[in-house]
Amino acid sequence: MNGFVVASRNGELGIGAAIEVLRRGGSALDAVEAGTRLVEASEADTSVGRGGLPNVLGEVELDASIMDGSTRAAGAVGAVRDYQHAITLARRVMEDLPHVTLAGPGAERFAAALGMDRTTLLTPASRELWRTHMVERLGGDAEAVRSLLALPDRADDEPAAVAGHVRRMLDPNRNTGTVNFIARDQDGHIASAVSTSGWEWKHPGRLGDTPLIGAGNYADDRYGAATCTGHGEVTTRCGTARSVVLYLKLGMSLVDSLTEAALDTETLDDPQSGGIEILAVDRDGGYAAVITGADRAEQDATFVHQSTDMAEFAVLPRRLISAEAPPKPR
Ligand code: ASP
């Protein structure tokens with residue numbers, strides 16, 4: 001059986017490494033971790049790992065999760081500072097602890113205990129984007145800017161100010177992003193990995209869908225796997241990744257399962273949501289991806305795929321799913 005990997009478009013950076021793992025006879029779990037690590041290490045990607053855009057206080061907080069479809073073991077970390085490979089930390093939670101999810105200081109404590117390298121996640125370029133946006137959104141309110149710059153040192157004293165600044169910093173055209181990887185190895189096992197710096201300018205401690213197993217990530221060899229990007233508040237409320245796998249379990253096709261799960265999110269009234277993407281595979285080796293939100297789809301509606309017998313990855317289109325014109329059931 002040929003192994004293969006699918007990833008969100010920004011996963012093109014790591015898909016070659018993931019395929020190499022499979023070519024050497026490695027596991028799907030090792031493949032998705034290897035691919036994700038390269039994206040996390042890239043400063044150019046401002047939505048994942050080092051170089052990710054920060055929270056409202058200018059601090060980068062990472063979320064990640066990994067799931068092994070052969071056992072349905074899972075690990076996740078949320079709101080992690082100072083450690084760039086959140087995906088490896090999530091895997092160690094899965095393998096070394098009797099837990100699924102660690103967040104914030106507890107997750108950082110675990111990373112330190114493992115001897116992982118501490119690093120500065122905020123790059124000068126991401127800091128500049130934060131500062132520029134802050135000045136723009138706070139509309140020349142110099143006192144607000146000054147207070148925001150000072151808040152990291154005295155955040156405990158200013159909870160109301162922080163919440164207010166999050167609302168004022170909301171960007172209607174915000175750029176979102178996360179990396180998704182799903183791999184199937186030569187033994188037919190499936191694994192999935194998701195990593196992100198989350199919603200930029202978010203409230204400190206905000207967890208998106210990425211570290212919530214069932215929301216942004218789910219894998220089960222018996223049916224398939226699904227991973228999400230985009231507005232995590234709606235995929236969290238719908239349990240989107242698990243929904244796709246459950247629809248597969250109920251006998252729906254891959255495309256119908258993705259469509260149904262995407263339409264579930266469209267029924268929520270969330271004015272902040274510009275849309276979501278879901279990437280999925282089924283147990284027979286099928287793969288597909290969808291997107292909601294026409295404006296979002298105009299920016300980029302693609303994903304990448306490579307199997308072990310392909311020299312290069314292929315860029316493939318996502319289907320646009322809209323509640324106004326739902327596709328006919330097939
Ligand atoms: N899903 C991520 C989150 O909500 C962000 C994104 O993919 O744009 O944190």
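Numbers here are sequence positions counted from 1. Atoms within each ligand, like the ligands themselves, are counted from 1 in listed order.
Of the polar atoms of Thr178, at least one N or O is found under 3.5 Å from an N or O of ligand 1, judged by distance alone. For a threshold of 3.5 Å applied to N or O pairs, the pair formed by Cys228 and ligand 1 contains no separation below that value. Residue contacts with ligand 1: Gly230 is placed with a nitrogen or oxygen under 3.5 Å of a nitrogen or oxygen of the ligand (distance criterion only).
Interface of Asp209 with ligand 1, defined as ligand atoms under 4.0 Å from a residue heavy atom, comprises 1 (N), 2 (C), 3 (C), 4 (O). Residue Thr229 approaches ligand 1 through these ligand atoms, each under 4.0 Å from one of its heavy atoms: 7 (O). The atoms of ligand 1 that sit less than 4.0 Å from any heavy atom of Gly198 are 9 (O). Those atoms of ligand 1 with a heavy atom of Trp199 less than 4.0 angstrom away are 9 (O).
By the 4.5 Å heavy-atom criterion applied to side chains, Tyr287 and Leu316 are counted as neighbours. Using a 4.5 Å heavy-atom cutoff, the side chains of Arg319 and Val290 are in contact. Residues Asn217 and Cys228 have side chains not in contact (no heavy-atom distance under 4.5 Å, counting atoms from C-beta outward). Using a 4.5 Å heavy-atom threshold, the side chains of Arg9 and Phe303 count as separate.
In this structure, the salt bridge (charged side-chain N to carboxylate O under 4.0 Å, His left out) partners of Asp220, at least two apart in sequence or on a different chain, are Arg72, Arg222.
Met310 belongs to no hydrophobic cluster, as no Ile, Leu, Val, Met, Phe, Trp or Tyr side chain comes under 4.5 Å of its own.
Heavy-atom distances between Arg206 and ligand 1 reach below 4.0 Å in at least one pair.
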